[in-house]
Amino acid sequence: MVEYLIIPVIKLIVIFSVFLFIAAYTTYMERKVLGHMQMRYGPMRVGFHGLLQPIADGIKNLFKEDLIPENADKTVFVLAPAISITAAVILLAVIPLGPPITIFGRTINLYIANPSIGILFILGFSTLGAYGNILGGWSSGNKYGYMGGLRGSAMIISYEISMAFAVVSIIMITGSFSLVDMVHAQTGLWNVFKQPVAFLVFLISGIAELNRTPFDMPEAESELCCGYNVEYSSMKFALFFLAEYIHMVVFASLVTTLFFGGWHGPAFLPGVVWFFIKVFAVIFLCIWVRATFPRLRYDKVMKLEWKFLLPVALLNILATGMVMAVL
Amino acid sequence: MEQALILICGIIAIATAIMVILSRNTVHSAMWMVGNCFIIAVLFLLLRFQFIAILQIIVYAGAIMMFIIYAIMMLNLRLSDDSADIVKNLLNGRYLLLALLFIGIVILGVGFGPMALKGTMTDQAMIKFGEVELLANYIFSEGLLPFELVSVLLTAAIVGAIYLAKKN
Amino acid sequence: MFDYVWLIPFLPLVGVLVNGLFGRRIEKANKSIIHWIGCGSVGLAFLVTFIIFIQMLRLEPDKRLYDYTWFTWMESGNFIVTVGYLIDPISMFMCMFVTGVGFLIHIYSIGYMWHDEGTYFRYFTYLNLFMFCMINLVLADNFLLMFLGWEGVGLCSYLLIAFWFGNKEFAIAGKKAFITNRIGDFFFAIGMLLLIVNLGKHGMWSIKYTDVFAHVSLLSPDLITLICILFFLGCTAKSAQIPLYVWLPDAMAGPTPVSALIHAATMVTAGVYFVARCNILYTMSPLAMQAVAIVGALTAFFAATIALTHNDIKKVLAYSTVSQLGYMFMGLGVGAFAAGLFHVLTHSFFKALLFMCAGCVIHGMSGEQDMRYMGGLRKKMPVTFYTMVIATLALIGFPGFSGFFSKDEILWMAFSSPNGNIMLWLIGVLTAAMTAFYMFRLIFMTFFNECRASEEVRKHIHEAPKSMTIPLIILAFLSVVGGYIGIPKALGGSNIVEHYLKPVIGLGDGKLFQDATGTAITHGAEAAGHHFSHMIEYTLMAITTIIVFAGIFLAYTMYMKKRTIPEKLAEKHSLFYRLLLNKWYIDELYEWNVIKPLHTFSVFMWKIADVIIIDGLVNKTAQFFMWCGSMLRHIQTGYVQRYAITLVAGTVVIVMYYIFSLYI
Amino acid sequence: MAEYQNIYLILSAILFTIGCGGVITRKNAIVVFLSIEIMLGAVNLAFITFSRANNSPEGIFMVMCIMAVAAAEAAVGLAIFVLLYRQTGSINIDKFNLLKW
C-alpha cells in the first residue's frame, strides 16, 4: 500500500509542485536574463529585485475578466488550454531527477515512473501539446489565431520528425528506450560528446517544438499579434503560458538526460543538484538563443527542417549504425 | 478490479466512437476520435502492451489525427453538409439491421468459438513482448520482409501525397 | 573426341548475334568490322570443320561415327529431342563444302555488297544466319533439328531473295520462294510426324538418325514408301524439282553472291543430302526410288529446254542449276548415292563459280543482266572470262574437268544399275547436249563478238576487285581438280568418294548404321561392275563426249558464225520458241489451276464464312453482353456508400456461412 | 488474461460496427475517414487480444503493419480530400460520382 500508493502520490505532488514552481520562476529568469542582455534590469519592483513578480502575475491573471468571444466554438475554446497544460505536465512523469535516495530506511527512486518506453512516451505526448495551440487558435474564431494555429501545428509536426530521429541515434547507442537506462549509459562519457550532431539537431528542433524565438511561428507578435492565444485572457492565457514554460523546463531536463549525463557529476554535490544545475544551464541557453536570433521567415523554417535537419539526422543515424557495426 | 477498468474503458470507447459519428461539427468529431484513440491505447496498456499503446498514441493521436485536424482547418470546415439528418440516417432500418446482424455474428463467433491457435510463447514472454526488445528481435528476424515492405509502402504514400498536394 | 563440334554452328551464330544486334552501330563506326565478323566466323567454322574432318579421316572407316549431344531441346513424356550433332562421312562431306564454299562466297560478298549503304550489316547477318541453319541441317543428328535447319534456310532464302525489298518484284519473288518452300515443308513435316508416330507405336520414342535407321524394319514397306514420297515432296521444294521448282528462277532477284551460295551451291542441295542421308529408308522402297529417278530425269531435261532460249544470264544459270539438281536426283533414284553426292560437290564448285562470274559480269556491266546487251567482255574482264570458261567446261562435262567425272558416273549408273534403264540414260545424254549448247551460248553472247551495251555502260566496264576475283580463282582451281577424287574405276581411278561414303551408304559392307533386316534391293554401285564390261562404259562415255562436242559446235555456229540462225529458227518455230521462252507456261498453269481457285475459295471464305458467319457470331455475342452491361450498369450508382453497404452485406453473408459451418 | 478476452472481442466488434455505421451513413468525407480509423482501431484491438490470448507475436506485428497502413492512408487520403475540395468546393462524398454510369 505504501509502496504502490502513498509514495507515488507524494512523489507526484512534490515533483508537480517543484516543476510548477520552476516554470513560474523560469518566466522571471527569462525576463531578468533578457533584460540584462539588453542592458536593462527587467522586473525590479515586486519584492527583492522583483523576486515575487511571478506570483504577482499569477494573482493578476486569476482576477482578470474571462472573455469568451462570440464567434468562438466555446467547448473547444475552453478545452484548448487544458489540453495544452495536461500534455505538458504529463511529461514530468518519466523524467529521472537523480539517483535513488534513502529516506526513513526506504529506497526512493527520484522519478514517478520508469516505463520501458520512456522516451517514446515523451515524444508521443509532447506532440499533443500542439493540439492545444491549433485548437485554441481555431476555436477563437479569429483569423490571426487561426493562422497561428495552422502555422504552429505544421511546424511542430515537421520538427517532431527530426527530433525523433536525433533521439533514435541515442537509442541506438543506449540500446533502451528507458530514460534511466540512458542516464546510466552516460556514466563514463556524456552523449553530447558521442553524438554531437544529434545534440545539435535535437537542440534546434526542440527549440522549434517549444515555439521559442527563432521559431515562434504560432505567436509571432509582430506578424500575428500573438497568434493562437490572441483571444485568450485571464487564467486560460496563464495556462497556455505556463504550459509553454513547463515544456521548456521539460525540454531542458530532456537535453540534460539525453546528452549531458542526467544527474551525473562530481561527487561533492548530490545528483539532484547537478541535474538542476544542468537544467538551468540549458534554460539559460534557450533564453540566450531568444535574445540573439531574429525570427525566421515561415518558409525558411520549413526549408531548414526538411532540407537540412532531417537529412542530417538521417545521415547521423546511418553513420551511427555503421560505427556500431564496425566496433 | 481489472474487469471493472476494462468495462469502464470499453464504455468510454463506445461512447467516444458514437460521438465521432454523431457530431455535427467536424472538428468535434476529430476530437472525439482523439479521445477514442487514447482509450484504445489504455486498453492496450491493460493488455500489457506498453509499446503498442505508445505507438497508438504517437501514430494515431500524434500524427494521423493531427493531419486530419490540420486538413479540416485548411479546408475551414465547420458544420457537415448532412448535419441535419445524421441521426435519421443512422436509425435507418436497413443499417440498423446490418449493424445488429454484425454484432450478433461476431458475438456468436467470438463468444463461443473455439480458440484454435495456440502460440508457443509463455505468458511471461508475452509480457516481455509488450515491451520492446523481443518485439524488435521478431521484427528484424521473422518479420523483416513485411517490415521492409511496409517502409516501402510509407515512402510511396509520402511521394503520392506530395504529388497530389502539389499545386501545378 | 569431337566434343567441340558445337563450335561449327555456334560461330556463325555469334556472327549473327553481334552483327544483328549491334550491326547498325558498328556499320556507322567502321564498315569493315562487319565483314571481318561475318567472314571471320564462317572462316573459323570452316577451320574447325577441317580439323574435325582430318581427325575423322584418321579413324578406321567403320568407326567414323560420333554422336555428340549438346543439350536436351524438348521433352514430352518418353519423347525426347536433343540438340546433337552427328559426325559421320556424309555429314562431314557436306559440311566441308558448305563451310568452304560459304566462306569463299562471304569473301566475294565483301566486294559485291560494299556499295550497299546501311544494309551491309543486314546482309552479313542473313548470310551468317544462313550458315548457322545450313550447318544445323547438315550436322543434325535427328530429324527435328535437321528440320529446324531446313526451315531456317528457307527463311534465310526468303530474307535474302527479298533483300532489296524496296523493289516490289523482288519482294514478290521472295514470297514466292517462301510459300513454295512452305508447301514442300508441309509434306515433309507430315512425313516426319508419320515416322515419329509409327516408331512410337513400337516404343521407339526417338528420332535420331541412328535410332530410326536401326529400327526401320519395324515399319511396314507401304508406310516407308509413303514416308519416303512425302520426304521427297519436301525435297522437291527445297531442291527445285518438278513440280515445285518454280521459285528458283525467280530467286535470282537476290544479290548474286546469294544466288551463288544458296540457290546453287548449298541450300538447294539440302534435298539431295537428305535423300542420301535417308538412303536406308529409300533403298527399302523401290517405288520411291523410281519416283525420285523419274522426277529427277524429267526435271533435268525440262529445265535444260527452258534454259535454251532465256536471255537473262542469271536465269540461264538458274535453270541450269535446276537441271543439274535433276541429275543428282536421277543419280540418287537409281541408287548411286555416292555419285549423286559427288555431283553435289563438283556442282557446288563450278556452279558457285559460274554465279560469281556472272556476278562479276553484272557488276562490271553496271547491273545489266540481259545477255543481248553484252558481248566482247573477254578483253576487259580476263580473269572473269577464263574462270567462267573453266566453270562452263566443268559444267558441261568436258573431259578432264570435274563435271565430267561426276556426270559420267551418274549417267553410267543410270544405264547400268538395276534400277536404271536406257531411257534415263538417254534423257541424261540429251540434257548434257543441251547443257553444252546453252552454256556456250552464254559464253559466246557474253564474252565474244562486239559489245552491244550502251555507250555509257561500256565506259564503266571493268574487272572486279581483288576480293571478288581471288575466290573465283580458288573455285576455278577446285572446279578443275575437284573431280579427280572421284575418277571411276574404268578410267584407272579408285573413286575415293565412293569408298569414303561407303560406310554410310546403303546396305553394303562396313555400314555404320545398323541395317534393316528387310528385303532391300541390291545396291547399284555394287552390282554395276558385275553386269557390264568396261567396254560398254567406254562406249557410252565416248557417245556422251561426242554429243557434248556437238552441242558446243552448234552453239558456235549459231552464235559465232551465223548469228542470224537463232532469229530464223525462232520465226520458223515460233510456237515452240515462245513455249520455251515462257517456260512451258508452267507458271501460268499454276496460276490458273492452283492459285485462281484457291483465291476464289479464299474470297468466298472471307466474304461469306468469315465476315458474315464468324464475325456475325462474334458481334452478336458482343452485342448481347453489351445489352447485359447496359442493364447492369444501373447498379453503378456512383454513391460510395452504396458500394460500402454491398461490401458489408457480402462480408456478413460470408462470415455467417463460416460461423454456421462452425456450429452445425 | 484469457478470461477477459471475450469482453475485448465484443468491444472490438461493437466499435467496428459503429465505425461501419459511420462509413455508411455520414456524407462528410473526413468523418467517413474517421470512421474508418475507428474500424482500424477495433481491428487492432482484436488482433492484440488474439495475440495475448494465443501467446503468439504475429498479432502485434500485424498491428504495427496496420498502423503503418493507416498512416499511409491518412497521408494519401487527406491529400486527395484537399485536392477534391479545391476542385469542387465540397467534401460531400455524394458529389463525387464521376465514375457512375
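Just so it is clear: chains get the letters A, B, ... in the order the sequence lines come, proteins before strands, and each one is counted from 1. In what follows, every heavy atom counts, from backbone to side chain, and hydrogens, waters and symmetry copies are set aside.
In this structure, A:Ser116 OG and B:Gln50 CD are separated by 4.0 Å, a value rounded to the nearest 0.5 Å. With rounding to the nearest 0.5 Å, the separation of CD1 in B:Ile69 from CG in A:Leu135 is 5.0 Å.
In terms of heavy-atom pairs under 4.5 angstrom with chain B, the leader among A:Leu79, A:Thr127, A:Leu120, A:Val76 is A:Leu120.
Residues A:Leu123 and B:Ile54 form no side-chain contact, since every pair of their non-hydrogen atoms from C-beta on lies 4.5 Å or further apart. Two residues are said to be in side-chain contact when any heavy atoms from C-beta on lie closer than 4.5 Å; B:Ile72 and A:Trp138 fail this criterion.
Using cut-offs of 30° and 60° for the angle between ring planes, the B:Phe51 and A:Phe177 rings count as parallel.
Only the side chain of A:Thr75 comes within contact range of chain B, with heavy atoms under 4.5 Å apart. Heavy atoms of A:Ala130 lying under 4.5 Å from chain B belong to its backbone as well as its side chain. With a 4.5 Å cut-off on non-hydrogen atoms, A:Phe125 touches chain B through its side chain but not through its backbone.
A 6.0 Å sphere centred on CZ of A:Phe240 holds more than 12 heavy atoms belonging to other residues, nucleotides or ligands. Annotation for A:Lys303: atom NZ does not count as buried by contact number, only 12 or fewer foreign heavy atoms lying within 6.0 Å. Summarising the local packing, CZ of A:Phe16 is surrounded by 12 or fewer heavy atoms from other residues, nucleotides or ligands at distances under 6.0 Å.
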Q: Show your working on side chain to side chain contact (heavy atoms under 4.5 Å, CB included) between A:Leu128 and B:Met66 and close with a plain yes or no.
A: CA-CA 9 Å; A:Leu128 297 184; B:Met66 193 67 103; over 6 Å; no

Q: Decide yes or no on side chain to side chain contact (heavy atoms under 4.5 Å, CB included) for A:Asp73 and B:Val27, but give the supporting numbers first.
A: CA-CA 10 Å; A:Asp73 184 327; B:Val27 175; 5.6 Å; no

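At a heavy-atom cut-off of under 4.5 Å, chain A is reached by B:Ile57, B:Ile58, B:Ala61, B:Gly62, B:Met65 from residues 57-65 of chain B, listed in order of number.
At least one donor-acceptor pair closer than 3.5 Å links the side chain of A:Tyr146 to the backbone N or O of B:Met73.
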